[in-house]
2 protein chains.
Amino acid sequence: MGITKSEIFTSDQNEIATFAKVFGHPARVAILQHLFKINACVCGDLVSVIGLAQPTISQHLKELKNLELIKGTIEGTSVCYCIDKDNWLKMKSIMQTFLDQDYAESTTCC
Amino acid sequence: MGITKSEIFTSDQNEIATFAKVFGHPARVAILQHLFKINACVCGDLVSVIGLAQPTISQHLKELKNLELIKGTIEGTSVCYCIDKDNWLKMKSIMQTFLDQDYAESTTCC
DNA sequence: TCTATTAATCGTAATATTGCAATAAACAAA
DNA sequence: TTTGTTTATTGCAATATTACGATTAATAGA
């Protein structure tokens with residue numbers, strides 16, 4: 001049905017999935033990598049750097065903004081985007097706990 | 001169009017997105033958490049633990065198997081699933097490099 | 001062999017995602 | 001005001017994902 005039954009999962013599981021999902025597209029990975037690399041705020045040049053049409057980039061930026069991983073500041077006619085470092089750290093902590101599950105127990109089976 | 005233009009991204013970016021995508025559904029997060037928790041191999045009880053129908057669980061398991069994050073061993077009429085720890089570590093290393101980008105540079109802008 | 005059990009596959013419906021052309025909105029500068 | 005620049009939004013087509021009933025395949029045990 002294309003619809004995820006999120007109500008049967010814990011908020012922890014849904015939160016991990018929500019963050020993971022936004023990283024589940026190479027354009028959003030590329031946007032984040034570029035923002036980290038440039039560091040100084042970046043505006044419309046993301047369109048030329050990434051290589052997708054302007055509305056498509058705008059849509060990906062919106063998804064990253066919805067999770068508050070980036071923030072945009074209006075500067076005249078353009079918008080300056082950068083990583084929201086506080087929220088990045090919060091997200092990182094959640095994802096790292098998930099990735100580090102293998103530390104919790106160490107018995108091997110098959 | 002629903003089709004990702006993966007050819008315009010680096011293999012690194014595509015790999016990160018591929019792993020992230022498989023974590024982008026709470027059922028697969030829950031399956032992995034359960035496999036880590038039980039540690040001893042788990043078979044069909046995933047269906048009752050997770051709360052989705054058997055074909056749905058089977059489909060999610062298939063996606064996790066495709067990325068070799070889990071492996072299944074046939075035991076009589078049932079299948080014993082567990083984490084593929086070697087590949088989990090490889091995946092973790094890739095994802096952690098992505099998450100730790102914030103360590104690379106530290107200037108703040110907006 | 002027949003039956004029960006377990007898991008995979010098929011088929012299908014509902015919904016979500018991706019991408020872009022066209023357009024709108026917001027603003028700076030002439 | 002008009003023009004140009006930049007970004008967001010709308011609308012739509014193509015494809016992907018999620019979920020499950022029905023079925024199949026494989027095997028264990030009677």
Side-chain angles (χ1 to χ4, degrees), chain A residues 1-9 13-14 16-31 34-35 41-67 70-82 110, chain B residues 1-9 13-14 17-32 34-35 41-67 70-82 110:
Chain A
M1 310 167 178
I3 186 164
T4 296
K5 284 192 164 181
S6 18
E7 68 280 5
I8 69 171
F9 302 102
Q13 289 161 345
N14 281 310
I16 291 166
T18 302
F19 281 128
K21 195 184 232 175
V22 88
F23 299 141
H25 193 289
R28 293 189 290 263
V29 170
I31 287 171
H34 188 70
L35 287 179
C41 291
V42 172
C43 319
D45 51 10
L46 276 169
V47 172
S48 47
V49 168
I50 307 292
L52 289 171
Q54 182 269 322
T56 309
I57 296 291
S58 188
Q59 199 172 307
H60 286 305
L61 286 171
K62 192 179 180 180
E63 292 180 60
L64 292 168
K65 258 190 295 182
N66 285 343
L67 293 190
I70 63 172
K71 48 189 171 183
T73 313
I74 299 174
E75 291 199 350
T77 93
S78 64
V79 179
C80 170
Y81 284 107
C82 64
C110 35
Chain B
M1 309 168 176
I3 188 167
T4 296
K5 285 194 163 178
S6 16
E7 69 279 3
I8 69 170
F9 302 103
Q13 288 161 345
N14 281 308
T18 302
F19 281 128
K21 196 185 230 174
V22 88
F23 300 140
H25 193 290
R28 294 189 289 265
V29 170
I31 288 172
L32 291 166
H34 188 70
L35 287 178
C41 291
V42 172
C43 319
D45 51 9
L46 275 170
V47 172
S48 46
V49 169
I50 307 292
L52 289 171
Q54 181 268 322
T56 310
I57 296 291
S58 190
Q59 199 171 306
H60 285 306
L61 286 170
K62 191 177 182 183
E63 291 179 62
L64 291 168
K65 259 190 293 183
N66 285 343
L67 294 191
I70 63 173
K71 47 189 172 183
T73 314
I74 298 173
E75 290 197 352
T77 91
S78 65
V79 179
C80 170
Y81 284 106
C82 65
C110 35

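Chain letters run A, B, ... following the sequence lines, proteins first and then strands; every chain starts at 1.
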Distance in Å, B:Leu32 CG paired with B:Leu64 CG, rounded so as to fall on 0.5 Å steps:
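These two atoms lie 5.0 Å from each other.
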Atom-pair distance ([atom1] on [X]; [atom2] on [N]), nearest Å:
X	N	atom1	atom2	value
B:Ile70	C:dA8	CD1	C1'	13 Å
B:Asp45	C:dT5	CG	C1'	14 Å
A:Ile57	D:dT7	CD1	P	11 Å
A:Leu61	C:dG19	CG	C1'	14 Å
A:Asn66	C:dT17	CG	P	11 Å
B:Ile50	D:dA19	CD1	C1'	15 Å
B:Glu63	D:dT17	CD	P	7 Å
A:Glu7	D:dA19	CD	C1'	12 Å

Would a 4.5 Å heavy-atom cut-off, applied to side chains only, mark B:Val79 and B:Leu61 as touching?
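No, their side chains stay 4.5 Å or more apart.
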Given that both pair distances must be under 3.5 Å and the pair must be Watson-Crick or G-U, what runs of three or more consecutive pairs involve DNA chain C?
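For DNA chain C the paired stretches long enough to count as stems (3 pairs minimum) are C:1-30 with D:1-30.
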Taking only the side-chain nitrogens and oxygens of [X], find out if one of them lies under 4.0 Å from OP1 or OP2 of [N].
X	N	value
A:Lys65	D:dA8	yes
A:Tyr81	D:dA8	yes
A:His60	C:dT17	no
B:Lys21	C:dT17	no

Taking it one step at a time, do B:Leu35 and B:Ile31 satisfy side-chain contact (heavy atoms from CB on, under 4.5 Å)?
CA-CA 6 Å; B:Leu35 287 178; B:Ile31 288 172; 4.1 Å; yes
Any idea which heavy atoms bring A:Gly24 and B:Ala20 closest together, and the distance?
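Minimum heavy-atom separation between A:Gly24 and B:Ala20: N-CB, 3.8 Å.
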What pair of heavy atoms forms the shortest contact from B:Ala30 to A:Gln13, and how long is it?
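Scanning both residues completely, I find the closest heavy atoms to be CB-NE2, 3.5 Å.
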Once side-chain contact (heavy atoms from CB on, under 4.5 Å) is applied, do any residues pair with B:Ile8, and if so which ones, sequence neighbours excluded?
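Expected list: A:Leu52, B:Lys5.
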Set of residues satisfying side-chain contact (heavy atoms from CB on, under 4.5 Å) with respect to B:Lys62, sequence neighbours excluded:
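Partners of B:Lys62 under the side-chain contact (heavy atoms from CB on, under 4.5 Å) test: B:Asn66.
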Treat primed atoms plus P, OP1 and OP2 as sugar-phosphate and everything else as base, then score nucleotides 20-25 of chain D 5' to 3': B for base contact with protein heavy atoms under 4.0 Å, S for sugar-phosphate contact only, - for none.
BBB---
Can you pull the salt bridge (charged side-chain N to carboxylate O under 4.0 Å, His left out) pairs that have at least one residue in residues 18-30 of chain B, sequence neighbours excluded?
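Listed once each, the pairs are B:Arg28-B:Glu63.
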Among the candidates D:dA8, C:dG19, C:dA7, find the nucleotide nearest to the side-chain atoms of A:Ser58.
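That would be D:dA8.
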Taking only nitrogen or oxygen atoms into account, show me every contact under 3.5 Å that the protein makes with nucleotides 26-30 of chain D, one pair per line with its distance.
none

How far apart are the C-alpha atoms of A:Asn14 and B:Val29, what are their side-chain angles, what is the distance that settles it, and do they pass the side-chain contact (heavy atoms from CB on, under 4.5 Å) test?
CA-CA 8 Å; A:Asn14 281 310; B:Val29 170; over 6 Å; no
Partners passing side chain to side chain donor-acceptor pair (under 3.5 Å) against B:Gln59 (at least two apart in sequence or in another chain):
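If we apply the side chain to side chain donor-acceptor pair (under 3.5 Å) test to B:Gln59, skipping adjacent residues, there are no hits.
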Among residues at least two apart in sequence or on other chains, which ones pass side chain to side chain donor-acceptor pair (under 3.5 Å) with B:Gln54?
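Partners of B:Gln54 by the side chain to side chain donor-acceptor pair (under 3.5 Å) criterion come out as none, since no residue qualifies.
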On DNA chain D, compare the nucleotides closest to A:Lys62 and A:Thr4; which residue's is nearer the 5' end?
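Taking each residue's closest nucleotide, the earlier one in sequence belongs to A:Lys62.
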Angle between ring planes, A:His25 versus B:Phe9, binned at 30° and 60°: parallel, tilted or perpendicular?
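A:His25 and B:Phe9: perpendicular rings.
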